[in-house]
Amino acid sequence: MNFQPRSQISSASRRLPFDCIALLLQGGGALGAYQAGVYEALAEASIHPDWVAGISIGAINAAIIAGNPPESRVDRLRDFWTQVTSTAPWEWSAFSDWAKTDSTRNLINQMSAGLAATCGATGFFSARPVLPWLQPGGASDATSIYDTRALRTTLERLVDFDRLNAGLTRFSAGAVNVRTGNFVYFDNTTHTIRPEHVMASGALPPGFPAVEIEGEHYWDGGLVSNTPLQWVIESDAPQDMLAFQVDLWSARGQLPRNMAEVVTRHKEIQYSSRTRASTDQFKRVQRLRRALTDLLGRLPDDLSEHEDVKLLSTAISRNVYSIVHLIYRARNHEGHSKDYEFSRLSMQDHWRAGYQDALRTLRHPEVLARPTSPDGVFTFDLEHDGRE
């Protein structure tokens with residue numbers, strides 16, 4: 001199924017003035033189709049990431065990208081999003097003139113979300129036949145509402161894990177250790193990635209069960225941080241980086257007017273991860289690191305071996321970073337259930353929005369240029385920097 005005409009995708013990467021191109025994918029359930037649309041636009045522009053990092057649904061999209069050759073990735077993403085979404089009878093009414101108001105579309109969306117909550121999403125999750133509260137304590141079915149075993153089969157079908165672990169594209173997925181509460185990243189430079197590592201990143205309680213890996217159990221990384229931005233830009237191998245940060249929740253919004261809007265706004269604040277604040281803090285740190293680099297370079301030779309100087313030298317950096325924000329802007333008809341509203345209609349809307357936002361972003365040449373600011377960090381947000 002094509003959501004918009006697309007040119008033949010080339011496997012050749014565009015030559016850009018960076019050591020690494022990173023694609024950072026936030027969690028957000030059914031909204032993740034937006035990320036697939038963003039990736040399609042990047043692929044059409046021959047921008048293929050060297051590093052794909054994700055949390056929750058972002059980890060699933062990331063695994064599909066890293067686990068397939070460039071020319072197959074969009075098709076595999078489309079396979080996934082077509083499989084896990086469905087077309088309910090009432091969706092056809094959305095194309096009628098009488099159903100084009102926000103209130104009517106909201107009702108249609110809520111009905112679709114109710115269907116997903118009751119029956120699940122094909123190839124992703126399904127409701128347990130017996131409620132977890134009726135299961136004995138300690139039983140595998142007693143700690144979650146849904147069964148996610150179908151997701152393993154889907155991942156095994158759509159992801160070449162041998163390719164993913166070969167390291168052609170770096171892959172990272174964030175999760176939380178249930179026992180210790182520690183945030184961890186499963187990375188193909190340190191782990192042999194299997195379906196369970198991807199599933200662990202998206203095991204959001206109490207809906208989904210914790211995933212056991214080597215005797216420990218893991219939940220969705222979004223419980224601690226819903227974006228891998230900090231993990232990637234503060235990696236132990238500093239390098240000039242172009243990072244596309246694709247968020248599914250906007251930190252900014254309107255004051256709620258009713259309880260439904262309160263629930264929606266609560267989710268947006270909880271899962272937005274305050275990406276802009278993190279970026280601003282990183283810019284301040286980089287300015288300090290650059291100042292420290294200049295200062296240490298002016299010290300006399302007899303101080304270069306001092307232990308304090310050696311310690312400070314580990315923090316110096318002249319690397320540059322271009323961080324491009326692509327943030328999904330929810331439509332007026334979407335409510336608090338937008339992250340579990342797995343209708344085909346909404347999926348196509350989300351995919352198309354990601355594709356169009358990425359196209360508009362790439363029209364700005366400064367996005368792909370090497371930063372020249374004193375701190376070496378350039379940020380771009382289509383909403384504020386790219387209004388057309």
Side-chain angles (χ1 to χ4, degrees), residues 15-26 47 49-55 58 169-174 182-185 187-190 221 224-247 251 272-327 361 364-382 384-386:
R15 299 179 70 87
L16 297 172
F18 298 92
D19 301 321
C20 177
I21 300 173
L23 181 61
L24 316 178
L25 306 177
Q26 193 185 69
I47 299 174
D50 305 294
W51 189 350
V52 188
I55 291 174
T169 301
R170 186 170 178 180
F171 167 85
S172 306
N182 291 336
F183 192 53
V184 300
Y185 270 95
D187 191 291
N188 61 357
T189 64
T190 55
V224 174
S225 175
N226 201 31
T227 177
L229 176 63
Q230 185 175 7
W231 163 257
V232 171
I233 61 178
E234 296 182 1
S235 64
D236 54 7
Q239 52 193 324
D240 295 341
M241 180 177 292
L242 169 61
F244 292 94
Q245 168 69 33
V246 190
D247 289 355
S272 68
S273 299
R274 296 163 295 282
T275 298
R276 291 189 185 91
S278 298
T279 302
D280 290 343
Q281 175 63 24
F282 179 68
K283 293 179 72 172
R284 287 191 290 271
V285 170
Q286 282 300 109
R287 184 179 290 273
L288 292 174
R289 293 174 72 180
R290 286 201 158 204
L292 178 62
T293 302
D294 292 338
L295 178 62
L296 294 184
R298 292 196 293 268
L299 290 179
D301 293 340
D302 60 336
L303 290 179
S304 61
E305 296 303 315
H306 193 283
E307 291 303 315
D308 289 342
V309 174
K310 290 182 178 179
L311 177 61
L312 290 172
S313 295
T314 63
I316 65 175
S317 171
R318 282 204 173 277
N319 293 110
V320 297
Y321 300 83
S322 183
I323 303 173
V324 182
H325 298 297
L326 288 147
I327 305 174
T361 295
H364 296 266
E366 65 270 27
V367 167
L368 304 180
R370 186 179 175 86
T372 58
S373 58
D375 53 23
V377 180
F378 171 79
T379 61
F380 183 90
D381 185 335
L382 184 66
H384 298 285
D385 306 316

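Position 1 is the first residue of the sequence; numbering continues from there.
Residues Val320 and Val377 form no side-chain contact, since every pair of their non-hydrogen atoms from C-beta on lies 4.5 Å or further apart.
A salt bridge links Asp187 and Arg170; the closest N-O separation between the charged side-chain nitrogens and carboxylate oxygens is under 4.0 Å.
Using a 3.5 Å distance cut-off with no hydrogens or angles, the side chains of Trp51 and Thr169 do not pair a donor with an acceptor.
Ring pair His364/Phe380: centre-to-centre distance below 6.0 Å.
Legend: residues meeting side chain to side chain donor-acceptor pair (under 3.5 Å) with Gln230, ordered by chain and number and at least two apart, are Glu234. Here Tyr321 pairs with Phe282 under the ring pair (Phe, Tyr, Trp, His ring centres under 6.0 Å) rule; sequence neighbours left out. With sequence neighbours excluded, no residue satisfies side chain to side chain donor-acceptor pair (under 3.5 Å) with Ser304. The side chain to side chain contact (heavy atoms under 4.5 Å, CB included) test applied to Leu292 returns Leu296, Leu312, Ala315, Ile316, not counting sequence neighbours. Evaluation of the side chain to side chain donor-acceptor pair (under 3.5 Å) rule for Arg370 yields Asp240 as partners, not counting sequence neighbours. Under the side chain to side chain donor-acceptor pair (under 3.5 Å) criterion, Glu366 pairs with no residue, sequence neighbours left out.
We find the CZ-OG1 distance between Arg289 and Thr293 to be 8.0 Å, quoted to the nearest 0.5 Å.
Between Phe18 and Ala369, the shortest heavy-atom distance links the atoms CZ-O, 3.4 Å. Residues Pro228 and Ala53 approach most closely at CG-O, 3.5 Å, considering heavy atoms.
With Asp50 contributing its side chain and Ile21 its backbone, the two residues share a donor-acceptor pair below 3.5 Å.
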